[in-house]
Amino acid sequence: MKSFRKELWFEVPSRRGFRNITPQVLDCLRESGIREGLVLCNAMHITASVFINDDESGLHQDFEQWLEELAPHAPISRYQHNNTGEDNGDAHLKRTIMGREVVVAVTAGKLDFGPWEQIFYGEFDGRRRKRVLVKIIGE
Amino acid sequence: MKSFRKELWFEVPSRRGFRNITPQVLDCLRESGIREGLVLCNAMHITASVFINDDESGLHQDFEQWLEELAPHAPISRYQHNNTGEDNGDAHLKRTIMGREVVVAVTAGKLDFGPWEQIFYGEFDGRRRKRVLVKIIGE
Amino acid sequence: MKSFRKELWFEVPSRRGFRNITPQVLDCLRESGIREGLVLCNAMHITASVFINDDESGLHQDFEQWLEELAPHAPISRYQHNNTGEDNGDAHLKRTIMGREVVVAVTAGKLDFGPWEQIFYGEFDGRRRKRVLVKIIGE
């Protein structure tokens, strides 16, 4: 069994944003030399997500608006967590909806994806450097 | 390390519906000959889910009603994504709540499940043929 | 390829509650002797979750309140599932939001975590003994 590990770093300049990280994950897969196995791709921070969906800007606006309805940022006092001096209580909830991680099959050296699947980093408390872990196991 | 891959195809005749796919995943596991490892089972489409819960029809009605409250289908104009000519903006959000994938342990050649765990395909934009990927790695 | 399996048992004395189970998962990892691979950690019950977030009590209160808003426990009659004689319809939905499972990378014999990641058991229908599965594969 082979294994491969790499951290991807991001600094989203606004509080929230989505980045298509499929090219970077593909680079990891090529570098690993693994042909059959599994890729785990997870946010290493608890106010960010890794998820799979469509690379369509209207959809990303829908996600942004929907998450803000389900877990509004303001008022800050809405969240007990913000009593610690943070203002990111909502970001923990938004990331919970979008998910921490994805697991993707590797088949014949490729990400075994349907036609529209793309991997995204979802940032909910940005304006600082944060990391995604890519771990690949297989042969 | 052994690996196994199969696509399961579904055509749900209505827009939304749930299918218990545990028997098909078990067939894959038997066919793979793998006794210890992990099964990844994921929707290959971004408006469908694979999830684990109870095979109880009342619960499935609750899921249907709850998802429609959290991410209503209509009005279509509610979603930017539908400006592309689609009417499935809600389906992307519903699938996000229910999840893209499950990872299940394989122990002694069986799905290592608690008493009520069953695997479901969740369709949110049906009336066409769509796929689930089953990937198994182990020994 | 090595594999390791253990069940962790919990009895939360109230209907709902969160437990940090990172120490028990670490014990499993040490016992397994696996240095590179993946840990799957999942609730074996369909009214409970395993998730990763911050070990901060204010945040846990926020989760509790937020889940109760998204999927209220009462009135019991709100859920078709409760027509079976259960009163835990809400617990199935709350667990869906929080997730069934996490997959964590194992690197150099450690859980490959960001600075604040901790693994939690989330109970939504407690007051009885319930299980979490820890399955580790690797080398």
Side-chain angles (χ1 to χ4, degrees), chain A residues 1-3 18 22 34-42 49-71 93-120 122 136-139, chain B residues 1-7 9 32 34 37-51 67 69-72 76-86 88-104 125 129-139:
Chain A
M1 199 200 79
K2 281 191 201 177
S3 70
F18 300 127
T22 316
I34 291 171
R35 308 263 319 155
E36 293 292 326
L38 296 176
V39 178
L40 167 68
C41 188
N42 67 265
S49 286
V50 172
F51 66 95
I52 286 174
N53 217 300
D54 194 358
D55 197 353
E56 198 280 300
S57 63
L59 177 65
H60 296 183
Q61 291 172 54
D62 293 333
F63 273 129
E64 162 65 18
Q65 185 181 326
W66 182 62
L67 292 168
E68 189 60 20
E69 284 167 18
L70 292 181
L93 308 188
K94 284 167 171 139
R95 112 71 174 254
T96 299
I97 295 281
M98 299 305 288
R100 168 189 179 259
E101 79 213 13
V102 297
V103 179
V104 179
V106 177
T107 302
K110 296 190 176 161
L111 296 175
D112 199 336
F113 268 161
W116 300 102
E117 290 188 284
Q118 296 282 301
I119 309 175
F120 291 89
I136 312 175
I137 68 166
E139 274 187 352
Chain B
M1 200 199 77
K2 281 191 200 177
S3 70
F4 175 91
R5 177 197 194 271
K6 194 166 199 171
E7 291 177 4
W9 286 84
S32 76
I34 291 171
L38 296 176
V39 178
L40 167 69
C41 187
N42 67 267
M44 298 184 78
H45 300 257
I46 53 193
T47 52
S49 287
V50 172
F51 67 95
L67 291 168
E69 284 167 18
L70 292 181
I76 301 298
S77 61
R78 178 186 170 99
Y79 303 104
Q80 300 282 322
H81 181 59
N82 292 339
N83 293 338
T84 62
E86 300 276 2
N88 65 7
D90 66 308
H92 291 268
L93 307 188
K94 284 167 171 137
R95 111 73 173 256
T96 299
I97 295 281
M98 299 305 288
R100 168 188 179 259
E101 78 213 15
V102 297
V103 179
V104 180
D125 186 30
R129 278 166 55 76
K130 291 167 79 173
R131 286 176 290 166
V132 163
L133 179 65
V134 180
K135 182 91 183 186
I136 312 175
I137 69 165
E139 275 187 353

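Residue numbers begin at 1 in each chain, while the letters A, B, ... track the order of the sequences.
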Engineer: Mind checking what makes side-chain hydrogen bond (donor to acceptor under 3.5 Å, both in side chains) contact with Glu139(B), not counting sequence neighbours?
Structural biologist: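 For Glu139(B) there are no side-chain hydrogen bond (donor to acceptor under 3.5 Å, both in side chains) partners, ignoring immediate neighbours.
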Engineer: Under the criterion side-chain contact (heavy atoms from CB on, under 4.5 Å), I'd like the reasoning laid out for Phe51(A) against Phe63(A): C-alpha separation, chi angles, the key distance, then a yes or no.
Structural biologist: CA-CA 12 Å; Phe51(A) 66 95; Phe63(A) 273 129; 4.3 Å; yes
Engineer: Using the side chain to side chain donor-acceptor pair (under 3.5 Å) rule, collect all pairs that involve residues 41-50 of chain B, keeping only residues at least two apart or in two chains.
Structural biologist: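 Pairs touching residues 41-50 of chain B that pass the test: Thr47(B)-Lys130(B).
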Engineer: I need the contact set between residues 79-86 of chain B and chain A: heavy-atom distance under 4.5 Å, sorted by residue number.
Structural biologist: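 If one takes a 4.5 Å heavy-atom cut-off, the residues of residues 79-86 of chain B near chain A are Tyr79(B), Gln80(B), His81(B), Thr84(B).
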Engineer: Which bit of Gln118(A) comes within less than 4.5 Å of chain B, counting heavy atoms only: side chain, backbone, both or neither?
Structural biologist: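 Contact with chain B: none, neither part.
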Engineer: Go through Arg95(B), Glu7(B), Arg78(B), Glu101(B) and name the one with the most non-hydrogen pairs under 4.5 angstrom from chain A.
Structural biologist: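 Heavy-atom pairs under 4.5 Å are most numerous for Glu101(B).
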Engineer: Considering only heavy atoms, which portion of Val102(A) lies under 4.5 Å from any heavy atom of chain B: side chain, backbone, both, or neither?
Structural biologist: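 Looking at Val102(A), backbone and side chain both touch chain B.
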Engineer: Heavy-atom cut-off 4.5 Å, strictly under: side chain, backbone, both or neither for Trp116(A) against chain B?
Structural biologist: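 Both parts, backbone and side chain.
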Engineer: Below 4.5 Å from any heavy atom of chain A, which atoms of Leu93(B) appear? Answer side chain, backbone, both or neither.
Structural biologist: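 Both backbone and side chain.
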Engineer: Relative to chain A, which segment of Ile136(B) carries a heavy atom at a distance below 4.5 Å: side chain, backbone, both, or neither?
Structural biologist: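 For Ile136(B), neither part sits under 4.5 Å from chain A.
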Engineer: Working to the nearest 0.5 angstrom, can you tell me the gap between Leu70(B) CG and Ile97(A) CD1?
Structural biologist: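 Those atoms lie 7.5 Å apart.
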Engineer: Non-hydrogen atoms of chain A under 4.5 Å away: do they reach the side chain of Ala71(B), the backbone, both or neither?
Structural biologist: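 Both backbone and side chain of Ala71(B) come within 4.5 Å of chain A.
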Engineer: Tell me the side chain to side chain donor-acceptor pair (under 3.5 Å) pairs involving residues 103-114 of chain A, sequence neighbours left out?
Structural biologist: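 Every side chain to side chain donor-acceptor pair (under 3.5 Å) pair that includes a residue of residues 103-114 of chain A, provided the two are not neighbours, is Thr107(A)-Asp112(A), Thr107(A)-Lys135(B), Asp112(A)-Arg5(B).
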Engineer: Enter the distance from His92(B):NE2 to Leu59(A):CG here, rounded to the nearest 0.5 Å.
Structural biologist: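 One finds 5.5 Å between NE2 of His92(B) and CG of Leu59(A).
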Engineer: Please give me the minimum heavy-atom distance between Glu64(A) and Phe18(A), naming the atom from each residue.
Structural biologist: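 Closest heavy-atom pair between Glu64(A) and Phe18(A): N-CE1, 4.5 Å.
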Engineer: To the nearest 0.5 Å, how far apart are CG in Asp125(B) and CG in Asp90(B)?
Structural biologist: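 Reported to 0.5 Å precision, the distance equals 8.0 Å.
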Engineer: Output yes when Lys2(B) and Glu36(A) qualify as a salt bridge under the 4.0 Å nitrogen-oxygen rule, no when they do not.
Structural biologist: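 No.
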